[in-house]
Amino acid sequence: MTSAPFPDRPRVDAREKVLGQAQYAADVAVPGLLYAMLVPATIAKGSVRSVPVDAAMRVAGVVRVLTASDFPPPPAGGAGGPPPPPTITDQIAYRGQPVALVVAETLEAAIEGAEAIRPTYAAMAFVATIEGDGVEPQPVEPSTGGDADAAMARAVTRHEAEYVSPAQHHNPIEMLSTTAVWEGGVLTVYEGTQGSNMAKGALMRTLRLSADQVVVKSPQIGGGFGQKGGAQRQTAIVARAAMLLGRPVKLVVPRGQIFHNATFRPKNRHRIEIGADAEGRMIAVRYDADQQQSRQGQFPPAYHESPPMMYGIADYHGTAANLRIDTQAPGYMRAPTPHPSSFAFDSAVDEMAVKLGIDPLAFRLKHRATRDPIDDKPFSTHFLHECLTEGARRFGWDKRPLAAGATVRPDGTQVGWGVGCGAYPANVHPTIATLRIGADGTTRFAAAGHEMGQGIRSTIEQVLVRELAIDPAGLEIAIGDTSVAPQHVTAGSWGTASAVIAAERAAASAKAAMADLLAGRTPPAGNLHRQLATVRRPSIQVEVTTTGPGQGAKEVERLRQGGMAVSGPVYPQFTSFSYIAHFVEVHVEPRTRRIRVPRVVSVADCGRVISPRTAASQVRGGVVWAISACLREATEVDPRYGGWLNNDLADYVVAVNADIGEIDVAFVDQPDNMFNALGAKGLGEVAMTGCAAAVANAVYHATGKRLREMPFRIENLL
Amino acid sequence: MNEEEGGAPAGVTRRTAIGGTVAVGSALLLLDAERVEATVQSSPPPRAGATLAIRPIVNGRAAPVTIDPRTSLLDLLRERLGLTGAKKGCDHGQCGACTVHVDGRRVASCLTLAAKTDGREVTTIEGLAEGDALHPMQQAFIDHDALQCGYCTPGQIMAAVACVREGNATDRPTIREYMSGNICRCGAYAGIVAAIEDVAKKGRRV
Ligand code: FES
Ligand code: FES
C-alpha cells in the first residue's frame, strides 16, 4: 500500500451514461406495472374530512385509490434512527402533503384520477414564515471555545453584521420516484436514494416487514445533494399499494410535489461580531445563528461546525436556534450548514479586512489555525494557506487593486476580484466489503455506498486497479443495494474515504489470500485471473471490515443492523476537516446591474485525491452550486396559503450553462495519514463552501456595495 | 431571422413540433429502407379509455403502437417502447433531460404529444452510436468528463449534436447560450462546453 498520487483515468461509468444505458430507478423495466399519482393537500394545517373517490374510480383505467384508512398506524417509537416519515394520514402538517394515491393501468389515467379527487378539509390557523407570529424559538447547545466576551473586550477593531441565506430546494434532475414489487413475500423497491438502508428500515417499520422481506436497490442516482439522504415520504405509500394490489407499482413524483414533500435548505440568519487586536489579528467571535424549522423537524442548526476551524481564533462563542413553524421538515442540502455559515463568516472576515485596510488575501494568511478551539484538539492536516497561496498564484491576485470600485471597463462594466474560504468535516463510516476475484477474468467488489455522480465507483476502481493485477474491464462494483452489502446513507462527504479504505484493505487481504494459495511457489505468469486459472482455482473471496479512528465492534454492529455509525470530524486524537479557497472575478454590467462570473479558481485540500478527473468535476460542480445559490436560488413561501410559490424549474431558477464561465481547479493533494492510510478526506461538500462569500466579496470589490443576503439580484445593486 | 434564432433554442423547437410545422419529407429520405422493415417492440396497449394507433420511426425502425392520445413522446419512449435513455426531469419543458430529435431537430419530448410523431423520424440517445462505435459527441463527453450523475447526459448529448448541426457551436459563449435549455444540476457545464467545442473544432460530421 502506498499513499502516492493517483493517475488520471476516465470516470468508470461514463460509457454507459453517454449511451443512455445507465439504469436509474424509474428506468427499471417491470412487467405488469401499474402507475400511481399522489393527491396533494391544499391546506397548510388541519385535518382531512373526506376523500371522495368515486369520480376517480370512474376514470377508465383507474384500479384503486388509497387513502389514510389503507395504511397501518405509525410504528411505535424506539431505537434505530429517526422515526420513518408518515404515510397518508388525516392530519395535515404542511401544504402539499399526500392525502391519497391513485393507481391506474396507465400514467395518463393515474393523473386524470388524481385530478378528479377533491378532498374536504377542516383547516386550522398556521405559521408560514419565520418572520410571522406564532414562531416557536428553540435554542440548541452553544459552541464555545475560550472566553469570547473577555477577548471581545480587548479588541480594538470590531465588525458586526447580519447575513441571511434563503430557503432553497435541491432539485436534482432525477425526480423522486419509487417502483415497488411485492412477490413471494418479498418487497423489492427501486428508488433513487442515498440511503437504501434508511429506506429499507423505514419500510420494515412502517409496513411491519422483517429484514429478509425487504430489498432496496439504488445503483445509480440522478443527483442527490442530500435530498435523497433520508427516508422519502412516498416510498412506503407506493410499497403498500403494490402489496395490496399484488402488482408492481411505479410513482414518479411531479416536481411541484417534490418541492412540498422533500426536504429543503431552511432559511437561516447569522449575526456575527468579530473583534481584532491592535496588530490587526482576529481574536474574538460572537456568532448567533437561527434557522427555519418544522414543528417536528430534526435537521440540526450546526452553523458552528466550520467557522471556528478556519483562522485560529481561540475565543469563540456561537449560539444557534430552531424557529419552528408549519412547514415540511427541512434537511441536508449540499454543504448543509457550512455553505451558509461560510458565506456569512467569510463575508464578515472580508469586511474586517476592508475595515483594517488590509488586502483580504494577506489578512487571511495572517491567521493560521493549528487547533480546534471548540474541542481543544490538534488538526490532523490543515492546508488552507496552501490553497490560498496556490489559488492566488493561478488567479494573478497580485495585480488586484486594494480599493473597491477601482476597475471599470470602457463600457462601464465594473470588475471585482474576491476570495472566500470554507471547510467541511472529514467524516468516515464503518464499511463491510467483500472482494471476489475470478479465474474467468471477473472481479466483484461489494460494499456500502451510493453513486450519485460524485464518482464513488471511480475512486474504488482506482484503488483496486492500482493495488491488484486485475482486468478493469471485468470489474463490477456492487453498491447501493441492501442485498449486496450493509449500506449506509452516503452523504456528508464520507462516501469516498469510507469506500476506498475498504477497497484498500480488501486488496491487501486478497493479496494475502493469493500468497497463501501459492504457499511459497513463484506466482505464475499473468494477472491474478490468469494466476488463478493456472493453479486451477475458480476464485478467491475475502471479506473485510473497516471503521473510523476510535470506532469498534459496536459501530460495525450498528451498520449491520442498517443504522448509521458515522464518526468525525472530532476523533480521539485530533480533529479533521477538508478546506478550500476560491478566487472569483465578477463583472457587474453597467445598465442592467447583472452580475456575471467569468472566471473562478478553486484550490482544495481534500487530502489525497483518489480520482483526479471526477474530483475536479466535483469541485466545478460545487462552484456551480455556489454561484447558483448566491445569484439565483430562493424558494418563496406563500404567506397566505403556506407552501412554496415557485415550485418548478421555470420559477425556481438554477444556474444554466450561460451563467457559468471558466473554472480552474487544483488540489493540494497532500495525504492526511493521521485520518486514514490512503490519506483521503472528503470533497463533494467542501467544494461549495466559501465560494458564495468569494462572489459577495468580489461584488463588493467591483461596486463598493456589500451584499449580505443571498441571492444577490439586480435590484440589490441598483 | 427564423423563430429558432429568436429565443431559447430548445423551447422554440418544442413549440414548432407541437404546432405541427416540422417538415416531414426530408427526414423520411434518410431512412434505411431495410431497417424500417424491422419494427420496435412495444409493451401491450393500455387497457383504458380512448386509443390512437400511430407509427413513428424510432431510431430508424418503425414503431407501430396504440396509445392513449394524451401520451407524451417521452412517456411513449420510456413506458411503452422500453427506450429509457431520454429522462424525465420536470415533464414541463423546463430542464431538457428529455431532449430527442424529431425529424432531425431537437425537441423536449415531454412537451411533444406522441400523436404528433406519427410517421416522423424520432432519434433518441439509443440511436446515436453505430454499433459499438460511439458517436463523436458521446466520446467527447467521456473525454471531457462532461457529466457526473449522468441523468441529464442523454438530453445534453442530443442537444449538443443538434447545436453543432445548427451551426451554433461557433465559440464558447454561443455554445453556452444554445445549451442553456438543458440544465445540469451536477454542474458539468464546463465539460459540456469543452466537449462540444472539441467536436466542432475537429470538424467531424455529426
Ligand atoms: S422532462 Fe422534458 S424538459 Fe424536463
Ligand atoms: S450530470 Fe447530473 S444533472 Fe447533469
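Letters A, B, ... are given to chains in the order of the sequence lines, protein chains preceding strands, and every chain is numbered from 1. Note that the structure is predicted; figures quoted are calculated from it, not measured.
Contact record, A/Gly223 with B/Cys149: N-CB, 3.4 Å, taken as the closest heavy-atom pair. Between B/Lys88 and A/Leu107, the shortest heavy-atom distance links the atoms NZ-CD2, 3.6 Å. Closest approach of A/Gly20 and B/Pro154 over heavy atoms only: CA-CG, 4.2 Å. Shortest non-hydrogen contact noted between A/Arg15 and B/Ile142 is CA-CD1, 3.8 Å. Across all their heavy atoms, A/Leu649 and B/Gln94 have their closest contact at N-OE1, 3.0 Å.
Highest contact tally toward chain A, considering only B/Leu128, B/Ile125, B/Asp143, B/Thr124, is held by B/Ile125 [criterion: heavy-atom pairs under 4.5 Å]. With chain B as the partner, the residue from A/Glu16, A/Arg11, A/Met175, A/Lys250 showing the most heavy-atom pairs under 4.5 Å is A/Arg11. When the candidates B/Ile175, B/Asp91, B/Thr71 are compared by the number of heavy-atom contacts under 4.5 Å with chain A, B/Thr71 comes out ahead. Here A/Asn171 is the residue among A/Asn171, A/Val59, A/Ile258, A/Val28 with the most heavy-atom pairs under 4.5 Å with chain B. Between chain B and the residues A/Ile663, A/Leu19, A/Ile627, the largest count of heavy-atom pairs under 4.5 Å involves A/Leu19. Taking chain A as the reference chain and counting heavy-atom pairs below 4.5 Å, the highest number among B/Cys90, B/Gly85, B/Ala190 is found for B/Cys90.
Proximity to chain B is limited to the side chain of A/Val624, based on heavy atoms less than 4.5 angstrom apart. Contact annotation for A/Ile660: both backbone and side-chain heavy atoms come within less than 4.5 Å of a heavy atom of chain B. Only the side chain of B/Asp75 comes within contact range of chain A, judged by heavy atoms closer than 4.5 Å. With a 4.5 angstrom heavy-atom cutoff, A/Ala650 touches chain B via backbone and side-chain atoms both. Proximity to chain B is absent for every atom of A/Ser458, based on heavy atoms less than 4.5 angstrom apart. Only the side chain of B/Arg78 comes within contact range of chain A, with heavy atoms under 4.5 Å apart. For chain A, no part of B/Leu83 is nearby; none of its heavy atoms comes within less than 4.5 Å. In this structure, the portions of A/Gln618 lying under 4.5 Å from any heavy atom of chain B include both its backbone and its side chain. Contacts of A/Ala26 with chain B are made by both backbone and side-chain atoms, with heavy-atom separations under 4.5 Å.
Here B/Glu79 contributes atom CD and A/Leu33 contributes atom CG; the two are 7.0 Å apart, rounded to the nearest 0.5 Å. Distance CD/A/Glu108 to CD1/B/Ile67: 8.5 Å, rounded to 0.5 Å. Atom CD of residue B/Gln148 and atom CE of residue A/Met452 lie 11.0 Å apart, to the nearest 0.5 angstrom.
Using a distance-only test at 3.5 Å, with no hydrogens or angles considered, no donor-acceptor pair links the side chain of A/Arg620 to the main chain of B/Gly191. Although no hydrogens or angles enter the test, the distance criterion places no donor-acceptor pair under 3.5 Å between the side chain of B/Thr153 and the main chain of A/Lys17. At distances below 3.5 Å, at least one donor-acceptor pair connects side-chain atoms of B/Arg185 with backbone N or O atoms of A/His170. No donor-acceptor pair closer than 3.5 Å links the side chain of B/Arg172 to the backbone N or O of A/Glu662. Judged by distance alone, with hydrogens and angles left aside, the side-chain atoms of B/Tyr151 form no donor-acceptor pair with the main-chain N or O of A/Pro172 at under 3.5 Å. Looking only at distances, a side-chain donor or acceptor of A/Arg255 sits under 3.5 Å from a matching main-chain atom of B/Gly89. B/Lys87 places no side-chain N or O within donor-acceptor distance of the main-chain N or O of A/Glu174, the cut-off being under 3.5 Å.
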Please lay out, stage by stage, how A/Asp659 and B/Arg176 fare under the test salt bridge (Lys or Arg N to Asp or Glu O under 4.0 Å). CA-CA 8 Å; A/Asp659 294 321; B/Arg176 289 185 180 120; over 6 Å; no
